[in-house]
Amino acid sequence: MSEMNKIVVSQEGLRQLEEKLKYMTTVRRAEVAEHLNIARGFGDLSENAEYDEAKDEQAKLEADILELEETLRNVVVIDGEVSTDAVNVGTTVRVLYLDEGEEEEFSIVGARESDPMNNKISNESPIGTALLGHKAGEIVTVEAPDGAYKLKILEIRV
């Protein structure tokens, strides 16, 4: 697997992806098949908008399933033995915005698990990318679309 296709997730993230795939391949497939059967009952398929809609829904579901299966083939699970020597996926980092004097805490997660509203940021985000590999006490520059700014890493923990 190439480095470009690697998708980093936690054990919990893997569990969620597997549950989503199971739901899509069992429950959702059955629901979509039922919609198709109902729509077929509406008569002439060449002029049946409900049938066309159900077929589109089926095509989208199958595409989503293929994408999720591809994701699972390229998953790299971070284990519970995450080092706190440097910022990495699986660590929580407390930083100080040097320009503003404000502190903030982020959990660094894989892109599939990011949830910025809950301070779970992707290792591929501007802040995540800037912090990766750096140690407590270091100052990093974050290159963001609205300009660069500096963060001091105050603490790294699991």
Side-chain angles (χ1 to χ4, degrees), residues 1-84 86-95 97 102-134 142-147 149 151 155-158:
M1 150 179 44
S2 80
E3 208 51 36
M4 290 299 287
N5 293 335
K6 187 170 84 165
I7 299 164
V8 181
V9 297
S10 65
Q11 193 64 47
E12 173 65 15
L14 176 63
R15 187 189 62 74
Q16 289 172 353
L17 290 172
E18 290 171 339
E19 283 180 7
K20 183 176 181 181
L21 180 61
K22 183 178 179 185
Y23 171 78
M24 290 167 70
T25 57
T26 56
V27 176
R28 282 296 296 143
R29 267 188 180 150
E31 290 171 354
V32 169
E34 181 63 22
H35 291 164
L36 274 170
N37 286 333
I38 291 169
R40 272 191 197 102
F42 291 141
D44 183 4
L45 296 183
S46 65
E47 295 180 18
N48 185 333
E50 288 86 359
Y51 182 76
D52 290 342
E53 199 173 295
K55 288 296 286 179
D56 289 346
E57 182 182 16
Q58 181 184 41
K60 183 183 180 334
L61 174 63
E62 293 304 322
D64 290 347
I65 288 170
L66 286 174
E67 180 184 336
L68 190 49
E69 288 173 339
E70 178 68 16
T71 295
L72 285 167
R73 276 193 291 278
N74 292 306
V75 149
V76 174
V77 179
I78 54 167
D79 60 21
E81 300 300 313
V82 177
S83 169
T84 57
V87 178
N88 204 339
V89 175
T91 58
T92 297
V93 186
R94 191 166 49 91
V95 298
Y97 288 84
E102 292 182 21
E103 290 185 18
E104 192 160 13
E105 195 168 274
F106 300 106
S107 293
I108 309 296
V109 297
R112 292 292 296 231
E113 296 178 86
S114 71
D115 182 2
M117 298 303 289
N118 290 307
N119 285 8
K120 291 183 176 183
I121 62 170
S122 165
N123 60 320
E124 298 172 13
S125 70
I127 294 175
T129 300
L131 291 171
L132 284 180
H134 290 278
V142 178
E143 298 293 339
D146 57 348
Y149 54 93
L151 299 176
E155 177 188 15
I156 304 168
R157 66 178 197 285
V158 177

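Position 1 is the first residue of the sequence; numbering continues from there. Because the structure is predicted, anything quoted here is derived from the model rather than measured.
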Exercise. Given Glu104 and Asn119, is the side chain to side chain contact (heavy atoms under 4.5 Å, CB included) satisfied, shown in steps?
Worked result: CA-CA 9 Å; Glu104 192 160 13; Asn119 285 8; 3.7 Å; yes
For this session: Measure across Ala86 and Gly133 and return the closest heavy-atom pair with its distance rounded to 0.1 Å.
Result: CB-O, 3.6 Å
Problem set entry | N/O donor-acceptor pair under 3.5 Å between Asn48 side chain and Ala39 backbone | yes
For this session: Could you walk me through whether Phe42 and Tyr51 pass side chain to side chain contact (heavy atoms under 4.5 Å, CB included), step by step?
Result: CA-CA 8 Å; Phe42 291 141; Tyr51 182 76; over 6 Å; no
For this session: Give, for atom OG1 of Thr91 and atom CG of Leu131, the distance between the pair rounded to the nearest 0.5 Å.
Result: 8.5 Å
For this session: Kindly determine whether Arg94 and Glu103 satisfy salt bridge (Lys or Arg N to Asp or Glu O under 4.0 Å), including the steps that lead there.
Result: CA-CA 7 Å; Arg94 191 166 49 91; Glu103 290 185 18; 2.9 Å; yes
Problem set entry | Worked verdict on Thr92 versus Phe106 for side chain to side chain contact (heavy atoms under 4.5 Å, CB included) | CA-CA 6 Å; Thr92 297; Phe106 300 106; over 6 Å; no
For this session: Any chance you could measure Leu14, atom CG, to Arg112, atom CZ, to the nearest 0.5 Å?
Result: 11.5 Å
Exercise. Which value, rounded to the nearest 0.5 Å, describes the distance between Lys20 atom NZ and Asp64 atom CG?
Worked result: 7.0 Å
Exercise. Is the number of heavy atoms from other residues, nucleotides or ligands within 6.0 Å of CD (Glu62) greater than 12?
Worked result: yes
Seminar exercise, completed: CD (Glu69) and CE (Met24) are apart, to the nearest 0.5 Å, by 8.5 Å
Exercise. Under 4.0 Å between a Lys/Arg side-chain N and an Asp/Glu carboxylate O for Lys22 and Glu18?
Worked result: no
Problem set entry | From CA spacing to verdict: side chain to side chain contact (heavy atoms under 4.5 Å, CB included), Thr129, Val142 | CA-CA 8 Å; Thr129 300; Val142 178; over 6 Å; no
For this session: Verify, without hydrogens or angle tests, whether Thr25 (side chain) and Leu21 (backbone) share a donor-acceptor contact under 3.5 angstrom.
Result: yes
Problem set entry | Minimal non-hydrogen separation, Ala54 against Leu36, with atom names | CB-CD2, 3.7 Å
Seminar exercise, completed: Heavy atoms of Leu132 and Val89 approach each other most closely as CD2-N, 4.1 Å
Problem set entry | Heavy-atom closest pair, residues Asn123 and Gly110 | OD1-CA, 3.5 Å
Exercise. Between Glu31 and Arg28, is there a salt bridge with N-O shorter than 4.0 Å?
Worked result: yes
